[in-house]
Amino acid sequence: MKIFEIMETKDYENVILCHDKTSGLKAIIAIHDTTLGPALGGCRMWTYDSEEDAINDALRLARGMTYKNAAAGLNLGGGKTVVIGNPRTDKSEALFRSLGRYIESLKGRYITAEDVGTNLKDMEYIRYETKYVAGLAETSGDPSPFTAYGVYRGMQAAAEEIFGTLDLRGKVVAIQGVGNVGYNLAKHLYEAGAKLIVTDIFEDNVKRAVEEFKAEYVKPDEIYGVECDIFAPCALGAIINDETIPQLKCKIVAGSANNQLKEERHGDILQEKGILYVPDYIINAGGVINVADELNPSGYNRDRAIRKVSMIFDTVKKVIQKSKEENIPTYAAADRVAEERIKTIAAVKDNYIVK
């Protein structure tokens with residue numbers, strides 16, 4: 001792959017390949033943009049088909065974090081770590097401590113946190129080697145409930161736009177992936193009176209959702225074609241594509257998965273079909289908003305974090321309004337919201353500070 005060509009096209013700052021023979025660590029740390037502040041983005045662990053796929057995922061996710069943090073009003077840039085390996089069999093203390101040393105070597109340019117395939121225990125191991133890790137048990141903790149709450153609030157904003165009400169009672173929501181985030185989202189929706197259809201590649205996740213929320217189960221490849229009001233992708237990305245779009249029977253796509261559009265043109269197709277797409281990095285920002293509250297000078301405050309996450313409702317409304325005013329797809333409107341903030345802050349005059 002032409003890594004420097006990719007970095008130049010999307011204006012990446014750093015791509016760090018991390019390897020440790022003893023622990024078996026193979027990881028990529030991608031830093032996209034630090035205009036607004038240090039790059040903050042989680043650590044993902046997954047079994048990729050190839051090293052190139054892992055690098056591409058790290059790059060996409062890091063850029064997504066730049067836009068997510070900017071649109072959420074955070075003074076943080078975007079970055080991401082991808083660890084190549086099976087999150088259920090390949091973890092070890094040595095692996096994450098080795099990664100922690102790589103993160104420490106960046107001296108604060110990048111701050112990591114929990115993500116798909118990693119958990120609080122993994123972050124504790126990283127913390128042994130560096131202070132540049134957030135979302136620890138003694139501070140903001142597991143970000144999944146906050147991400148889920150933000151998605152729920154974003155769904156309400158989308159529902160008000162499409163159905164004329166933010167009440168989700170009786171609405172059918174198809175959730176692809178009921179892991180940590182998907183489970184908590186299902187809980188909010190169940191309590192709101194929504195009807196749930198779920199799928200997941202892990203049987204225990206499905207069983208829990210069916211038993212606790214009276215959800216209907218369908219096979220993973222059937223979730224795209226179910227009759228529903230809202231389709232909520234809460235697993236991996238690139239699932240809105242040429243093969244899946246013709247199957248969709250929903251009015252709204254709104255979920256926690258990153259990089260849901262395989263290509264930007266798929267967002268155009270959704271708009272042409274009359275399906276409201278809520279840009280993923282706008283609606284799934286709850287976790288990073290919560291984690292970022294740890295960096296507040298006064299320390300972490302859970303109530304304040306929840307209030308900030310709830311404002312995702314307003315951000316989704318802003319994106320929808322810009323989409324309508326400028327006659328552009330919502331993914332493009334979201335990008336403009338983020339880019340306008342980065343450009344404005346970058347242009348703020350620096351005054352000389354006596355040191």
Between the side chains of [Y] and [X], is the shortest nitrogen-to-carboxylate-oxygen separation below 4.0 Å, so that they form an ion pair?
X	Y	answer
K317	D314	no
K322	E326	yes
K324	E161	yes

- Query: For Q176, what residues pass the side-chain hydrogen bond (donor to acceptor under 3.5 Å, both in side chains) criterion, not counting sequence neighbours?
  - Reply: Y224
- Message: Is it true that, when you exclude D204 itself, more than 12 heavy atoms of the residues, nucleotides or ligands shown sit nearer than 6.0 Å to its CG?
- Response: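 Correct, the count exceeds 12.
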- Would you sort out whether E104 and K131 count as a salt bridge (Lys or Arg N to Asp or Glu O under 4.0 Å), showing the intermediate values? CA-CA 7 Å; E104 175 64 21; K131 64 181 180 181; over 6 Å; no
- Message: Assess, by modelled atom type and distance only, whether the side chains of S298 and R304 contain a donor and an acceptor separated by less than 3.5 Å.
- Response: yes
- Item | Residue pairs fulfilling side chain to side chain donor-acceptor pair (under 3.5 Å) with at least one residue in residues 178-190, sequence neighbours excluded |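 Residue pairs passing side chain to side chain donor-acceptor pair (under 3.5 Å), neighbours aside: Y183-E212.
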- Message: Suppose the criterion is side chain to side chain donor-acceptor pair (under 3.5 Å): which pairs have a residue in residues 73-89, not counting sequence neighbours?
- Response: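 Every side chain to side chain donor-acceptor pair (under 3.5 Å) pair that includes a residue of residues 73-89, provided the two are not neighbours, is N75-R341, K80-D115, T81-Y110.
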- Message: With side-chain contact (heavy atoms from CB on, under 4.5 Å) as the test, pick out the partner of I103 among I111, I16, I126.
- Response: I126
Side-chain polar contacts of residues 241-260 - donor-acceptor pairs under 3.5 angstrom, sequence neighbours left out - could you list them?
| from | atom 1 | to | atom 2 | distance (Å) |
| --- | --- | --- | --- | --- |
| N241 | OD1 | E243 | N | 3.0 |
| N241 | OD1 | T244 | N | 3.0 |
| N241 | OD1 | T244 | OG1 | 3.3 |
| N241 | ND2 | A238 | O | 3.0 |
| D242 | OD1 | R265 | NH1 | 3.1 |
| D242 | OD1 | R265 | NH2 | 3.3 |
| D242 | OD1 | H266 | NE2 | 2.9 |
| D242 | OD2 | R265 | NH2 | 2.6 |
| T244 | OG1 | I239 | O | 2.6 |
| T244 | OG1 | N241 | N | 3.0 |
| T244 | OG1 | N241 | O | 3.4 |
| Q247 | NE2 | E243 | O | 3.0 |
| N258 | OD1 | N284 | ND2 | 3.0 |
| Q260 | NE2 | G255 | O | 3.0 |
| Q260 | NE2 | A257 | O | 2.9 |

- ring pair (Phe, Tyr, Trp, His ring centres under 6.0 Å) involving Y281 - partner list, sequence neighbours excluded: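 Y281: ring pair (Phe, Tyr, Trp, His ring centres under 6.0 Å) contacts with Y67.
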Pairs of donor and acceptor atoms involving the side chains of residues 214-221, under 3.5 Å and at least two apart or interchain, shall be tabulated with distances.
none

- Task: Of all the heavy-atom pairs spanning S140 and N290, show the shortest one and how long it is.
- Result: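 Looks like CB-ND2, 3.4 Å.
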